[in-house]
Amino acid sequence: MAINFFEEETTFRLEKRLKRKKWLKSIADSEEFKILDLNYIFCSDEYLYNINVEYLNHDTYTDIITFDNSEEEDKIEGDVFISIDRVEENSKKHQVPIEDELSRVISHGLFHLMGYKDKKIEEVEIMRTKEEFAINLFQNI
């Protein structure tokens, strides 16, 4: 199991890395998935915007982009790009602690890699429930 954290075009550095790894493994275990290779890349708005345009043809800013590289259904391999600028902005906008917003978006990427979607209203509701579960789990690890 390899869970890695990287930074691109940001001074942000993820704290509690070992706790985060244990937490991510617990989330995957709760859904009967095994993490083989999972990379989180924390970056600037502009860095993620350029990825969105180049790889997805979306001319918009976003907080997260997930690339699934998995070859087996219950094994996780992927790259999750997270805009720290968006995380900070969303934390203020929704009046939640930055650590909770960070947990929400980190888990969001993992849930995408486990097959959860968020395009339809009912999918969004399920995703939010999963994110809340993850946030609470992190607080209690």
Side-chain angles (χ1 to χ4, degrees), residues 1-17 19-141:
M1 176 187 78
I3 300 173
N4 302 296
F5 304 107
F6 303 98
E7 298 83 24
E8 291 290 342
E9 295 183 7
T10 183
T11 58
F12 173 81
R13 179 142 169 87
L14 183 68
E15 296 178 355
K16 303 175 186 171
R17 289 176 178 229
K19 181 178 178 180
R20 290 278 178 196
K21 288 179 181 186
K22 180 179 177 185
W23 170 67
L24 289 164
K25 184 183 180 316
S26 295
I27 294 169
D29 288 348
S30 75
E31 298 278 336
E32 298 183 7
F33 277 80
K34 180 177 171 84
I35 296 173
L36 297 181
D37 188 29
L38 179 57
N39 299 305
Y40 282 90
I41 302 92
F42 301 98
C43 57
S44 67
D45 253 356
E46 290 304 316
Y47 188 90
L48 195 54
Y49 170 79
N50 289 329
I51 289 173
N52 212 8
V53 170
E54 183 176 343
Y55 294 97
L56 303 176
N57 294 318
H58 296 159
D59 188 13
T60 58
Y61 288 90
T62 187
D63 57 351
I64 184 171
I65 295 176
T66 304
F67 293 100
D68 189 348
N69 305 319
S70 303
E71 295 179 8
E72 296 179 55
E73 196 171 302
D74 62 345
K75 307 276 191 300
I76 295 170
E77 295 181 86
D79 300 310
V80 180
F81 291 82
I82 296 174
S83 166
I84 290 304
D85 299 320
R86 288 288 124 211
V87 170
E88 290 171 349
E89 186 176 297
N90 288 340
S91 170
K92 291 174 187 165
K93 179 180 170 184
H94 300 296
Q95 299 179 340
V96 297
I98 187 94
E99 189 168 86
D100 287 357
E101 182 60 17
L102 198 53
S103 293
R104 184 191 68 76
V105 78
I106 290 171
S107 67
H108 185 94
L110 181 57
F111 287 123
H112 273 314
L113 292 170
M114 292 188 286
Y116 291 96
K117 309 270 186 252
D118 60 358
K119 297 296 181 205
K120 299 175 185 169
I121 293 171
E122 52 274 5
E123 292 172 341
V124 170
E125 290 173 359
I126 292 168
M127 182 67 85
R128 294 296 169 260
T129 300
K130 294 290 181 182
E131 291 167 357
E132 285 301 315
F133 160 79
I135 291 166
N136 290 329
L137 182 62
F138 184 74
Q139 292 170 343
N140 293 307
I141 280 186

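In this structure the side chain of S103 reaches within 4.5 angstrom of the side chain of W23, judged on heavy atoms. Counting only heavy atoms from C-beta outward, the side chains of Y49 and T62 never approach each other to under 4.5 Å. Two residues are said to be in side-chain contact when any heavy atoms from C-beta on lie closer than 4.5 Å; F33 and I27 fail this criterion. Two residues are said to be in side-chain contact when any heavy atoms from C-beta on lie closer than 4.5 Å; I35 and L113 fail this criterion. At least one side-chain heavy atom of L102 sits under 4.5 Å from a side-chain heavy atom of F42.
Rounding to the nearest 0.5 Å places CZ of F12 at 11.0 Å from SG of C43. Here the CZ-OG distance, from F133 to S30, works out to 4.0 Å after rounding to the nearest 0.5 Å. Atom-to-atom distance recorded for N39:CG and I3:CD1 is 10.0 Å, nearest 0.5 angstrom.
Qualifying salt bridge (charged side-chain N to carboxylate O under 4.0 Å, His left out) partners for K16, counting only residues two or more places apart in sequence or in other chains: E99. Residues satisfying the side-chain contact (heavy atoms from CB on, under 4.5 Å) test with T60, not counting sequence neighbours, are N52, H58. Under the rule for a salt bridge (charged side-chain N to carboxylate O under 4.0 Å, His left out), R20 has no partner lying at least two apart in sequence or in another chain. Residues meeting the salt bridge (charged side-chain N to carboxylate O under 4.0 Å, His left out) test with D74, sequence neighbours left out: none.
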**OP:** Check the pair D118, H108 against side chain to side chain donor-acceptor pair (under 3.5 Å), reporting the backbone distance first and the verdict last.
**Re:** CA-CA 10 Å; D118 60 358; H108 185 94; 3.0 Å; yes

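Looking at every heavy atom in both residues, L36 comes nearest to E77 through CB-CG, 3.7 Å. When all heavy atoms are compared, the tightest approach of S91 to V96 is OG-O, 2.6 Å.
For residues 37-48, the set of pairs meeting the salt bridge (Lys or Arg N to Asp or Glu O under 4.0 Å) definition, not counting sequence neighbours, comprises D45-R86. Legend: salt bridge (Lys or Arg N to Asp or Glu O under 4.0 Å) pairs involving residues 122-141, not counting sequence neighbours, sorted by first then second residue: E31-K130, R104-E131, R128-E131.
Using modelled atom types, one finds no donor on one side chain facing an acceptor on the other under 3.5 Å when comparing Y40 with D79.
Environment of NZ in K19: crowded, with over 12 heavy atoms of neighbouring residues, nucleotides or ligands closer than 6.0 Å. In this structure, Y55 places its OH atom where only 12 or fewer heavy-atom neighbours from other residues, nucleotides or ligands lie under 6.0 Å away. When the shell of 6.0 Å around NZ of K75 is examined, it contains more than 12 heavy atoms from other residues, nucleotides or ligands. Atom NZ of K25 has 12 or fewer neighbouring heavy atoms from other residues, nucleotides or ligands inside a 6.0 Å radius.
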